[in-house]
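Encoded as structure tokens, the structure appears first; notes follow it.
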Amino acid sequence: MIKFDFFIILSFFSIAGYAQKEIPLSHPYSKEYVDACTKKMLETGNSYDYEIYCCHANQRNLLYDMLMADKYNNPLACYMVYFNITNMGKTYNYSIDRELWNVAFYYLQKGAEYNQSNCIFELIRIYEKGNAFVSAD
């Protein structure tokens, strides 16, 4: 009985100790840290720094995505180039012409070659349903 009471008291204090601390679910990245990661990403092509840039940068730059996709063959960057080009048309209410679609589709295929899952799923969707530039297959 004494062991049981001791266990209850110990567990109460353990729970109370955790309740006082707030444990953040994600690390709050400072602007300076994100800027440092962006600089390192551009210089070295580090994938981890690119992911920090993608998730936490205040402003995104399509040219950074294209650099990572072309120079460093980053699969996520390939998808981000495709995504940004195709969504700019929706955001700014204009339709994409064939040349711009070919650029976006090139990066989508390149990302799929590197087994980037978003690129593969998007290619499957495009080939199943088709669009203005690709017929359903």
Side-chain angles (χ1 to χ4, degrees):
M1 184 72 169
I2 293 173
K3 289 181 184 178
F4 182 72
D5 291 337
F6 179 73
F7 178 72
I8 290 175
I9 292 170
L10 182 63
S11 63
F12 173 74
F13 284 114
S14 297
I15 293 170
Y18 285 119
Q20 292 174 355
K21 297 178 186 176
E22 280 191 33
I23 301 172
L25 296 177
S26 64
H27 180 72
Y29 294 99
S30 67
K31 182 183 181 327
E32 293 79 22
Y33 180 73
V34 173
D35 290 344
C37 286
T38 303
K39 183 179 179 196
K40 197 161 94 175
M41 163 199 80
L42 294 173
E43 293 171 352
T44 65
N46 187 307
S47 294
Y48 175 76
D49 291 324
Y50 181 69
E51 289 177 17
I52 296 294
Y53 163 76
C54 286
C55 295
H56 300 286
N58 290 333
Q59 290 184 327
R60 297 293 314 275
N61 190 329
L62 179 62
L63 296 177
Y64 291 176
D65 295 330
M66 292 178 91
L67 174 81
M68 290 297 293
D70 286 332
K71 186 175 180 181
Y72 300 113
N73 296 322
N74 186 298
L76 176 60
C78 293
Y79 177 73
M80 293 309 294
V81 171
Y82 165 80
F83 180 81
N84 289 330
I85 289 174
T86 56
N87 282 331
M88 279 192 294
K90 296 173 188 172
T91 303
Y92 298 110
N93 197 19
Y94 77 92
S95 59
I96 296 174
D97 62 355
R98 178 157 301 277
E99 287 94 21
L100 197 53
W101 167 255
N102 288 341
V103 170
F105 196 67
Y106 164 78
Y107 283 103
L108 185 66
Q109 290 176 322
K110 184 176 180 177
E113 288 173 8
Y114 292 123
N115 292 324
Q116 209 287 330
S117 59
N118 292 331
C119 292
I120 293 170
F121 292 136
E122 192 66 25
L123 275 176
I124 290 169
R125 189 190 65 75
I126 289 170
Y127 285 129
E128 280 180 350
K129 296 182 179 183
N131 64 18
F133 306 104
V134 177
S135 60
D137 188 3

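The first residue in the sequence is number 1, and the count goes up from there. For clarity, every value in this text was computed on a predicted model and none was experimentally measured.
In this view, Lys40 and Asp49 satisfy the salt bridge (Lys or Arg N to Asp or Glu O under 4.0 Å) rule, not counting sequence neighbours. With sequence neighbours left out, the side-chain contact (heavy atoms from CB on, under 4.5 Å) criterion links Ile120 to Ala112, Asn115, Ile124. The salt bridge (Lys or Arg N to Asp or Glu O under 4.0 Å) search around Asp35 returns Lys31, not counting sequence neighbours. Listed by chain and residue number, Tyr29, Tyr33, Asn46, Ile52 satisfy the side-chain contact (heavy atoms from CB on, under 4.5 Å) test with Tyr48 (two or more places apart in sequence, or in another chain). Here Asn87 pairs with Phe83, Lys90 under the side-chain contact (heavy atoms from CB on, under 4.5 Å) rule; sequence neighbours left out.
Pairing each heavy atom of Tyr72 with each of Leu42, the nearest pair is OH-O, 3.2 Å. Closest heavy-atom contact between Tyr114 and Pro75: CB-CG, 3.7 Å. Here the shortest heavy-atom pairing between Ala77 and Met68 reads CB-CB, 3.6 Å.
A side-chain hydrogen bond (donor to acceptor under 3.5 Å, both in side chains) check over residues 125-134, counting only residues at least two apart or in different chains, returns the pairs Glu122-Arg125. Residue pairs meeting the side-chain hydrogen bond (donor to acceptor under 3.5 Å, both in side chains) criterion with at least one partner in residues 103-113, sequence neighbours excluded, are Asp70-Tyr107, Asn73-Lys110. Under the salt bridge (Lys or Arg N to Asp or Glu O under 4.0 Å) criterion, no residue pair touches residues 72-89, with sequence neighbours excluded.
Heavy-atom contacts from other residues, nucleotides or ligands closer than 6.0 Å to CZ of Phe121 number 12 or fewer. Heavy-atom neighbours of Tyr92 OH from other residues, nucleotides or ligands within 6.0 Å: at or below the threshold of 12.
Not a single donor-acceptor pair under 3.5 Å links the side chain of Tyr64 to the backbone N or O of Tyr53.
How far CG of Leu123 is from CG of Leu108: 4.0 Å, rounded to the nearest 0.5 Å. Remark: Met66 CE to Asn61 CG distance equals 10.5 Å, nearest 0.5 Å.
Counting heavy atoms from C-beta on, the side chains of Asn74 and Ser47 come closer than 4.5 Å.
Hydrophobic cluster membership differs between Leu76 and Val34, with clusters built from Ile, Leu, Val, Met, Phe, Trp and Tyr side chains linked at under 4.5 angstrom.
Exactly one residue among Thr44, Thr38, Asp65 makes a side-chain hydrogen bond (donor to acceptor under 3.5 Å, both in side chains) with Tyr50. That residue is Asp65.
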May I have the list of side-chain donor-acceptor pairs in residues 97-104 shorter than 3.5 Å, sequence neighbours left out?
from, atom 1, to, atom 2, distance (Å)
Asp97, OD1, Leu100, N, 3.1
Asn102, ND2, Arg98, O, 3.4

Check against side chain to side chain contact (heavy atoms under 4.5 Å, CB included), Leu62 and Met80:
CA-CA 8 Å; Leu62 179 62; Met80 293 309 294; over 6 Å; no

